[in-house]
Protein chains: 2
Amino acid sequence: MSDRHSTLRTQRRVQTQRAIQAHAVRLFTERGYDATTVTDVAEAAGVSPMTVYRHFPTKEDLVLVDQNGRLVAERIVASAGTRPLVRRIGRALADSAAALTGDGGDDPTAGRGFLLARLRLMISTPALRARHLDNHYALQQAIVDALGDEAADPEAAFRAKVAAGACLAALHTALVRWAEEDGRTELPGVITKALAAAFGDDMADPSGDAGTPDTGRGPSGDTGRR
Amino acid sequence: MSDRHSTLRTQRRVQTQRAIQAHAVRLFTERGYDATTVTDVAEAAGVSPMTVYRHFPTKEDLVLVDQNGRLVAERIVASAGTRPLVRRIGRALADSAAALTGDGGDDPTAGRGFLLARLRLMISTPALRARHLDNHYALQQAIVDALGDEAADPEAAFRAKVAAGACLAALHTALVRWAEEDGRTELPGVITKALAAAFGDDMADPSGDAGTPDTGRGPSGDTGRR
DNA sequence: TACCAACTTGGTAGTCACTACCATGGTGGT
DNA sequence: ACCACCATGGTAGTGACTACCAAGTTGGTA
């Protein structure tokens, strides 16, 4: 029904949503997450606290808003079937990361700089860090679900879940490192190094471009943001 | 200074602490975590809400209270130096898990049953799950710190962090599986299986007893609980 | 025994995240 | 011009959590 009802309404909706999030991350960075109230964010964005809660169910969601899960899952499904799991999953993660570090155009809630600011908050603030890790846990289950018939019996599903969890842990450590380096290095490269450290150096795929990306642009021109 | 001041005071303190936690986990299991207020827990334990907050800084800590981090770190340091990191860390995790699944004697907040109840809550309740994962993240850093001079330069520290994170992710998946099986299987065995699924079957150490433990008792008689 | 210090507990009031419930005004289609 | 929809705003309330302070108890000491 009413597919994208009218662009004007949803456009405004997305616009205020982005404005709220941009002001939120800015204020959180300036004053600290705990020292900033939702009312502060609302005032900065020129809306009422109610509107903030309408767009972001919790204060933490003002920073998190990870919806690249489907992106990763689709990449894994797309990758052909017989290679080891950790390799397929790791490759999908590195490729998706490349797509996220491109510039976001006129969107203030996209691009490398904003991702860095969000990551710094996620790392330094316990509540955000915890929920970010829980998002990774949800992504872990999404990956297993995406494998579908490949992880049919419980034993295979368990192994897939372990592989996905271990890969995501490596990803998280790589993200932390990347943020500590202020994003100066290329994120996909850091991820690949982390995967190699966890599962052996044979993870560095000689037939791919994930290890030494050209400009940081993802394999697809789309940024993956809605 | 005043080392264990007098046993009577600390004994009472530990006693009320255990009582509060036991009632908390019971109520959370019966009524649900979100549907149970801290005041409910306080009333059930026969104390004031203030006292609950004195002993447990947050409502989540009523379920979490993980203090086996040092246990794991010490085991890793104790293990000799040249074997691959994931193997040393994994072994330490499996061994520590064995110590946790023993019976807790008269302590209602120890033993397999209570651990299972806590785990079920941690898995099903988003807030608890998130904070549990964050505890694992803290343990990850503790492991790296424990390695000390073995992870001196940043690159080695990064690899160690990745290894620890991946091992802990495997541990978490194993814990979930163990809880789903209602603790019928032996926890160290599940952990070993998870590590093998993540890092290859050569993780199953033929020279140890971690894969097929005798009775579930840990290698040391002490339960590790204070 | 009398006294003091430390510790544990309890109460009150307040902040803040978050959630109903309802009112209003602008948007888009008919 | 009418109406359905939707985004926004207000009010009141719950619950976690945090000061700030009061009271009783315990342990050691003069």
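Per chain, numbering begins at 1; letters A, B, ... match sequence-line order.
Of the charged side-chain nitrogens involved, at least one lies within less than 4.0 Å of a carboxylate oxygen, so that A/Arg88 and A/Glu150 count as a salt-bridged pair. At a threshold of 4.0 Å, the pair B/Glu180-B/Arg120 does not count as salt-bridged, since none of the basic side-chain nitrogens sits closer than that to a carboxylate oxygen. Using a cut-off of 4.0 Å between Lys/Arg side-chain N and Asp/Glu carboxylate O, A/Asp134 and B/Arg131 are scored as not salt-bridged.
The CD atom of A/Glu60 sits 12 Å away from the C1' atom of C/dC18 (whole-angstrom rounding). Going from atom NZ of A/Lys59 over to atom C1' of D/dG15 covers 16 Å, rounded to whole Å. Distance CZ (B/Arg54) to P (D/dC20): 13 Å, rounded to an integer number of Å. Put simply, CD on A/Gln11 is 14 Å from C1' on C/dT27, counting in whole angstrom units. Remark: C1' of C/dT19 and CZ of A/Phe56 are 18 Å apart, rounded to the nearest angstrom.
Side-chain atoms of A/Thr101 come within 3.5 Å of backbone atoms of A/Ala98 as a donor-acceptor pair (strictly under, hydrogens ignored).
Across all strands shown, A/Pro49 has no heavy atoms under 4.0 Å from either base or sugar-phosphate atoms.
Phosphate contact (OP1/OP2 of C/dT9, side-chain N/O of B/Thr16, threshold under 4.0 Å): present. Proximity of A/Thr51 to the phosphate of D/dT8: no side-chain N or O atom is located under 4.0 Å from OP1 or OP2.
Contacts of residues 29-47 of chain A with DNA chain C (heavy atom under 4.0 Å): A/Thr36, A/Thr37, A/Val38.
Counting only heavy atoms from C-beta on, A/His55 has its side chain closest to D/dT8 among C/dA20, C/dT12, D/dT8. Of the candidate nucleotides C/dT27, D/dG10, D/dC17, C/dT27 has the atom nearest to the side chain of A/Arg12. Of the candidates D/dC17, C/dT19, C/dG11, the closest approach to any side-chain atom of A/Tyr53 belongs to C/dT19. Candidate nucleotides C/dT9, D/dT11, D/dA19 were compared by shortest atom distance to the side chain of A/Met50, and D/dT11 ranks first.
Environment of CD in B/Glu30: crowded, with over 12 heavy atoms of neighbouring residues, nucleotides or ligands closer than 6.0 Å.
Judged by the 6.0 Å distance and 45° axis criteria, B/Lys59 is not positioned over the aromatic ring of B/Tyr53.
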Would you tabulate the side-chain donor-acceptor contacts of residues 159-170 of chain A under 3.5 Å, counting partners in other chains and residues two or more places apart, or write 'none'?
none

